[in-house]
*Asks:* 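Following this message is one structure expressed as structure tokens.
Bear in mind the structure is a predicted one, so any value in this text is a computation, not a measurement.
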Amino acid sequence: MKQIDKSYNPEAIEEKWYNFWLENGYFHAEMPSNKPPFCIVIPPPNVTGSLHMGHALNSTLQDILIRWKRMMGYNALWLPGTDHAGIATQNVVERQLAKEGIDRHKLGRTAFIQRVWEWKEQYGGRIIHQLKRLGSSCDWQRERFTLDEGLSRAVREVFVRLYEDGLIYRGDYIINWCPRCQTALSDLEVEREDIEGRLYFISYPFTDSEGSVVVATTRPETMLGDTAVAVNPKDKRYMGLIGKTLRLPILSREIPLISDDAVDIEFGTGAVKVTPAHDANDFEIASRHNLPSIKIMTEEGRMSEDAGPYKGQDRFECRKNILKDLDGLGLLLKEERYTIGLGHCYRCKTIVEPYLSKQWFVRTWPLAEKAIEAVREKRIRIIPEMWENSYFDWMHRIKDWCISRQIWWGHRIPAWYCQDCGEVNVSRDEPKRCRGCGSSCLKQEDDVLDTWFSSALWPFSTLGWPDNTEELKTFYPTDVLVTGFDILFFWVARMIMMAMKFMDDVPFRDVYIHALVRDATGQKMSKSKGNVVDPLLMIDKYGTDAFRFTLTAFAAQGRDIKFSEERVDGYRHFVNKIWNAARFILMNTGDIDIRHPGEERQYLSLADRWILSRLGHVISEVNTTLKQYRFNDGAAAIYQFIWHEFCDWYIEMAKPAIYGGDKNSRTASVSTLIHTIETSMRLLHPFMPFVTEELWQHIPHRHIKRPQDSSGTPHKAESITIAAYPTGEDGIEDLDAEEQMGKVMKTIDGIRSVRGELNILPSLEIKAIIKTPEETGKILKRNIVYIEKLAKAKEIVIGNDIIKPRNSVTAVEPGMEIFIPLEGVFDPQVEIKRIEKEIKKMDVEITRLRGKLSNEEFLGKAPKDVVEKEKERYRESIEKVERLMAIMEKLKMMGEET
RNA sequence: GGGCGGAUAGCUCAGUUGGGAGAGCGCUGCCCUUACAAGGCAGAGGUCACAGGUUCGAUCCCUGUUCCGCCUACCA
């Protein structure tokens with residue numbers, strides 16, 4: 001007799017098995033392999049990051065898929081890694097330096113980058129370690145980092161080819177500038193947030209006549225850089241004034257009043273100040289009218305030389321001063337409350353500055369066209385489908401992508417400027433001589449690339465591209481990408497664009513977009529709100545399996561997860577339930593010679609046949625749900641099966657055979673128990689990797705791994721991670737058994753209801769007399785042991801011509817009446833009330849059905865099977881009520897007697 | 001401004017071709033029945049947001065309304 005602990009203790013078990021899996025290389029996709037490939041690349045977390053709920057959900061779902069496919073016999077590769085997170089990582093190390101009183105400029109570029117690498121070596125592995133605690137079955141031997149030599153080569157290759165194809169250009173444009181990070185940002189890296197601001201009305205006087213034009217602005221300080229005022233050409237108010245000259249207050253610069261279609265007549269005064277160097281629209285207007293641009297701010301967000309008296313002031317301080325000065329001059333006419341959507345840096349939350357600057361850009365539209373096509377033609381499926389709309393919408397309006405960053409940590413742009421002739425040399429390797437003039441006086445571009453530029457190559461760069469490696473040939477295109485919608489544009493769209501361009505094929509066939517994990521009240525988790533739940537804490541407290549199962553069970557498509565700790569606790573109970581079921585089975589295995597239940601069908605009991613049939617159903621259900629990424633449905637199906645069908649019904653029913661059955665039926669039942677729990681563990685393993693391995697190792701199993709070497713020799717699997725995933729063959733469908741079992745269960749339910757309603761002590765065995773047609777009676781008689789055991793009944797009498805005994809309560813089921821004699825405690829009044837309640841319930845049902853069935857149109861137009869079903873239901877209901885009425889009559893007569 | 005999603009039991013949510021409204025947790029009653037009290041059995045609880053429409057029939061499809069949430073946008 002085997003013994004395991006009385007309850008499940010995750011900690012030691014998790015560590016033990018994870019190490020075992022690693023030592024045996026189960027997560028390593030072997031090359032070459034004759035197994036079909038299946039590949040997922042992980043969305044690389046920031047190397048600075050630590051595991052949050054989003055990662056936990058994301059990784060859990062990927063692990064479920066990859067473990068499932070691995071067990072299905074695929075050469076499953078889950079390729080892990082991290083990205084270098086340029087701005088974030090640089091910020092972290094800069095903060096560290098600040099504590100030592102140094103800044104990066106003092107240190108110098110080379111030494112600084114050295115420091116970042118040191119930091120990365122020391123702390124960068126944290127999230128990888130945390131992923132392991134989640135049970136993630138990544139191929140760690142293939143872990144990649146976006147700054148790896150190989151990936152860097154891919155980045156340079158892509159940059160050069162895009163440049164050569166005219167899809168990368170450099171120029172002066174308005175970009176988003178973060179004055180704190182001191183770098184340009186792409187449009188996506190700016191988060192818009194509504195801020196309660198003000199709209200200021202400022203008067204710009206004419207130079208040559210009385211009067212003025214009043215402009216409305218939310219940013220008065222930028223007036224220092226104004227080079228025009230614009231109105232709409234159709235605006236009657238300004239007709240005849242266009243072309244006149246205005247005097248810019250304070251600086252007294254003369255600027256023209258121009259007309260441009262971009263100006264909205266309705267807004268403000270219909271006149272807009274034009275600041276080409278500090279506003280994207282104004283930049284456009286200026287380029288149409290050949291207006292000069294004046295930068296009145298420095299990269300630090302302070303006022304520049306050109307800001308005259310305000311030079312050196314912070315941009316917000318300057319605003320206050322300008323308003324004061326304008327007011328003093330009587331030129332600030334009024335202020336209105338106004339809500340502005342202000343851009344903030346997604347890394348440091350500083351308000352970004354639209355800023356004229358020389359940057360590198362990717363011309364996106366030619367790339368986007370093919371990326372749109374790939375999704376439209378369903379060569380890439382986005383699941384759930386509703387995200388396709390967002391994807392198309394964004395892609396159709398895509399703008400050029402600013403890819404240069406003025407930081408040091410990242411892929412330095414492979415462009416060298418000739419110090420003699422000014423030629424730009426873009427090259428895969430450092431050029432010796434300028435290709436324009438032959439000079440060797442070359443200086444590399446200081447800027448590095450946006451981190452997303454390298455992540456966009458992830459699905460192929462990690463597999464070895466630009467080399468045509470075996471991995472690339474085998475695993476590309478990858479099968480599915482699992483990610484959150486928050487990086488649909490940042491990352492997914494760009495991967496598709498790059499893949500279509502460089503691989504001429506999709507990067508993945510499916511994109512599964514999962515939910516956001518929120519707190520219990522539905523708020524987004526954030527550090528500033530203090531409502532962040534640490535996944536590691538959940539794992540420590542409840543175990544990885546319970547935690548993973550919680551996330552999975554709530555991962556319904558298209559809906560966010562409201563996470564609360566209570567749920568994890570609830571699923572910990574489930575883990576414990578499984579543990580104890582296995583414990584019970586192991587305790588009773590004894591010296592039984594376990595067989596496959598299919599080998600001795602003649603000895604199988606009804607319950608044995610039933611659970612094997614149910615097992616078959618849950619297996620196909622789970623496989624179906626996983627195919628469709630309905631993780632929550634899969635989890636629910638297993639939960640329902642293991643807890644309610646297997647534990648609540650089957651184990652209880654198997655007990656008589658185990659304790660008191662003859663040798664053959666005992667062997668059959670124990671074999672069925674073992675088979676069911678063993679198969680269930682394999683079925684559950686992708687969801688709960690640890691407890692299933694631990695139990696599976698205790699359970700006697702004869703499970704074989706699929707043939708995997710070329711000789712085709714099957715091996716006994718030494719781990720559940722490489723055992724075969726259950727298929728239809730592991731269950732034995734038996735509709736006859738399910739039908740018969742249904743009758744037995746109904747009988748037990750009937751008796752239990754009566755017991756429950758009348759509060760009969762469970763320890764008290766009761767008699768039961770069952771009136772039912774002969775056919776059903778036969779089934780019940782054959783299986784009477786179950787009724788005795790589960791309904792705590794004895795001396796059960798079954799027959800067709802039973803007369804209701806005196807002083808008995810009644811349970812009426814379709815085709816069945818159950819009488820329970822309660823000598824001494826029987827109270828007719830209580831029983832009458834109970835039956836009345838039941839009749840009332842049925843009356844509602846009968847009224848509904850009668851209405852439906854007396855409707856000619858329903859009978860004529862509804863499908864036959866629906867009508868038939870309703871009729872059957874009606875017959876059953878009527879029959880039940882008639883029986884109940886008859887019993888009532890008797891009870892009332894009896895009441896009169898007493 | 002445009003778009004998307006949601007509104008179902010006290011709470012959190014399922015509900016896939018329109019045909020008897022479900023689960024988990026919570027609640028109530030009984031029970032420490034030799035796997036599990038982290039358990040078992042029984043039970044209460046819902047005009048499926050609102051108003052129309054299509055249909056024999058609508059939680060489900062269509063239209064509109066209200067209230068939440070999210071994404072997106074060059075009204076300064």
*Asks:* In whole angstrom, give me the gap between the C1' atoms of G53(B) and G3(B).
*Replies:* 25 Å
*Asks:* Give the rounded distance in Å between these two atoms: CZ of Arg834(A) and P of G43(B).
*Replies:*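 Taking CZ of Arg834(A) and P of G43(B), I get 10 Å after rounding.
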*Asks:* In whole Å, what separates the P atom of U59(B) from that of G40(B)?
*Replies:*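 Per the computed distance, 34 Å lies between those P atoms.
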*Asks:* Got a donor-acceptor contact below 3.5 angstrom from the Asp560(A) side chain to the Ala515(A) backbone?
*Replies:*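 Pair absent, no side-chain N/O of Asp560(A) close to backbone of Ala515(A).
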*Asks:* Mind checking the P distance from A14(B) to G6(B)? Whole angstroms is fine.
*Replies:* 9 Å
*Asks:* Please check: side-chain N/O of Arg518(A) versus main-chain N/O of Phe563(A), any donor-acceptor pairing under 3.5 Å?
*Replies:*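 No, because the side chain of Arg518(A) does not come within donor-acceptor range (under 3.5 Å) of the backbone of Phe563(A).
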*Asks:* Under a 3.5 Å cutoff, is there a donor and acceptor pairing between the side chains of Glu189(A) and Ser186(A)?
*Replies:*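 Yes.
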*Asks:* Base, sugar-phosphate or nothing for Lys562(A)? Non-hydrogen atoms, less than 4.0 Å.
*Replies:*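 The answer is sugar-phosphate, as Lys562(A) gets under 4.0 Å only of primed atoms, P, OP1 or OP2.
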*Asks:* Assess the side chains of Asp260(A) and Asn232(A): does a donor N or O sit below 3.5 Å from an acceptor N or O?
*Replies:*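 Distance-only check fails for Asp260(A) and Asn232(A).
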*Asks:* Which is true for Tyr659(A) with a 4.0 Å heavy-atom rule: it touches a base, it touches only sugar-phosphate, or it touches nothing?
*Replies:* sugar-phosphate
*Asks:* Who pairs with Phe490(A) by ring pair (Phe, Tyr, Trp, His ring centres under 6.0 Å), at least two apart in sequence or on another chain?
*Replies:* Tyr346(A), Trp452(A)
*Asks:* Is the shortest distance from a Lys or Arg side-chain nitrogen in Glu836(A) or Lys833(A) to a carboxylate oxygen in the other one below 4.0 Å?
*Replies:* no
*Asks:* Indicate whether the side chain of Lys273(A) and that of Thr275(A) have a donor and an acceptor atom separated by less than 3.5 Å.
*Replies:*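 A donor-acceptor contact under 3.5 Å links the two side chains.
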*Asks:* Using the rule given for side-chain contact (heavy atoms from CB on, under 4.5 Å), can you reason through Tyr874(A) versus Ile846(A), listing the C-alpha separation, both sets of side-chain angles and the distance that settles it, and then say yes or no?
*Replies:* CA-CA 7 Å; Tyr874(A) 181 70; Ile846(A) 286 171; 4.0 Å; yes
*Asks:* Ring-plane angle category for Trp394(A) and Phe489(A), please: parallel below 30°, perpendicular beyond 60°, tilted otherwise.
*Replies:* parallel
*Asks:* Any side-chain N or O of Lys577(A) less than 4.0 Å from the OP1 or OP2 oxygen of G40(B)?
*Replies:* yes
*Asks:* Quick one: Leu790(A) CG to G40(B) C1', roughly how many Å, whole number?
*Replies:*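 Rounding to the nearest Å, CG of Leu790(A) and C1' of G40(B) are 11 Å apart.
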*Asks:* Considering only atom P, compute the distance from G24(B) to C50(B) and round it to an integer number of Å.
*Replies:*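 Pairwise P distance, G24(B) against C50(B), rounds to 26 Å.
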*Asks:* Pairs counted only when both distances fall under 3.5 Å, Watson-Crick or G-U: show me the 5' to 3' dot-bracket for RNA chain B, [ ] for pseudoknotted crossings and | for other-strand partners.
*Replies:* (((((((..((((.....[..)))).(((((.......))))).....(((((..]....))))))))))))....
*Asks:* Under a plain distance cut-off of 3.5 Å, with no hydrogens placed, do Tyr542(A) and Glu565(A) share a side-chain donor-acceptor pair?
*Replies:* yes
*Asks:* Specify the separation, in whole Å, of atom CG of Leu586(A) and atom C1' of U34(B).
*Replies:* 17 Å
*Asks:* For the side chain of Asp5(A) and the backbone of Ser7(A), is there at least one donor-acceptor N/O pair under 3.5 Å apart?
*Replies:* no
*Asks:* Roughly, in whole Å, what's the span from CG in Asn580(A) to P in U34(B)?
*Replies:* 14 Å
*Asks:* Check the phosphate of A35(B) against Lys655(A), side-chain N and O only, distance under 4.0 Å to OP1 or OP2. Yes or no?
*Replies:* yes
*Asks:* With a non-hydrogen cut-off below 4.0 angstrom, is Asp749(A) in contact with a base, only sugar-phosphate, or nothing?
*Replies:* sugar-phosphate
*Asks:* Does either side chain, that of Asp226(A) or that of Tyr204(A), offer a donor lying less than 3.5 Å from an acceptor on the other one?
*Replies:*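 Yes - a donor-acceptor pair under 3.5 Å links their side chains.
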*Asks:* Using the P atom on both, measure C62(B) against U16(B) and round to a whole Å.
*Replies:*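 Rounded to whole Å, the distance is 14 Å.
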*Asks:* Would you classify Ser7(A) as touching base, sugar-phosphate or nothing, given that sugar-phosphate means primed atoms plus P, OP1 and OP2, and contacts are heavy atoms under 4.0 Å?
*Replies:*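 Base, at least one base atom sits under 4.0 Å.
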*Asks:* Please encode protein proximity along nucleotides 19-32 of chain B as a string of B, S and -, counting only heavy-atom distances under 4.0 Å.
*Replies:* BB---S----SSS-
*Asks:* Can you name the one residue among Leu291(A), Val215(A), Val229(A) that meets side-chain contact (heavy atoms from CB on, under 4.5 Å) with Val274(A)?
*Replies:*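 Looking at Leu291(A), Val215(A), Val229(A), the match for Val274(A) under the side-chain contact (heavy atoms from CB on, under 4.5 Å) is Leu291(A).
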*Asks:* Expressed as a whole number of angstroms, how long is the span from Gln557(A):CD to C13(B):P?
*Replies:* 17 Å
*Asks:* Can you tell whether the side chains of Glu870(A) and Arg873(A) come within less than 4.0 Å, N to carboxylate O?
*Replies:* yes
*Asks:* What residues form a salt bridge (charged side-chain N to carboxylate O under 4.0 Å, His left out) with Arg192(A), not counting sequence neighbours?
*Replies:*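 If we apply the salt bridge (charged side-chain N to carboxylate O under 4.0 Å, His left out) test to Arg192(A), skipping adjacent residues, there are no hits.
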*Asks:* Set out, line by line, the N/O atom pairs under 3.5 Å between protein and nucleotides 5-9 of chain B.
*Replies:*
residue: G6(B); atom: O3'; partner: Arg559(A); partner atom: NH1; Å: 3.3

*Asks:* Which value, in whole Å, describes the distance between the P atoms of nucleotides G15(B) and C61(B)?
*Replies:* 12 Å
*Asks:* For G45(B) and A7(B), measure between their P atoms and round to the nearest Å.
*Replies:* 24 Å
*Asks:* If you measure from the P atom in C4(B) to the same atom in U63(B), how many Å do you get, rounded?
*Replies:* 11 Å
*Asks:* Figure out the CZ/P separation between Arg583(A) and U34(B), and round it to whole Å.
*Replies:*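 Arg583(A) atom CZ is separated from U34(B) atom P by 12 Å.
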*Asks:* Nearest-Å distance, OH (Tyr8(A)) to C1' (A38(B))?
*Replies:*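 Spelled out: OH on Tyr8(A) to C1' on A38(B) is 14 Å.
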*Asks:* Considering heavy-atom distances to RNA chain B, does Lys792(A) or Asn855(A) have its closest nucleotide positioned more toward the 5' end?
*Replies:* Lys792(A)
*Asks:* Quick one: Lys789(A) NZ to C41(B) P, roughly how many Å, whole number?
*Replies:*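 Checked: the NZ to P distance equals 12 Å.
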*Asks:* Is the Trp643(A) ring parallel, tilted or perpendicular to the Phe574(A) ring (thresholds 30°, 60°)?
*Replies:*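 Geometry flag for Phe574(A) against Trp643(A): parallel rings.
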*Asks:* Mark up nucleotides 66-76 of chain B, 5' to 3', with B wherever a protein heavy atom is under 4.0 angstrom from a base atom, S wherever such an atom reaches only the sugar-phosphate, and - elsewhere.
*Replies:* ---SS-S-BBB
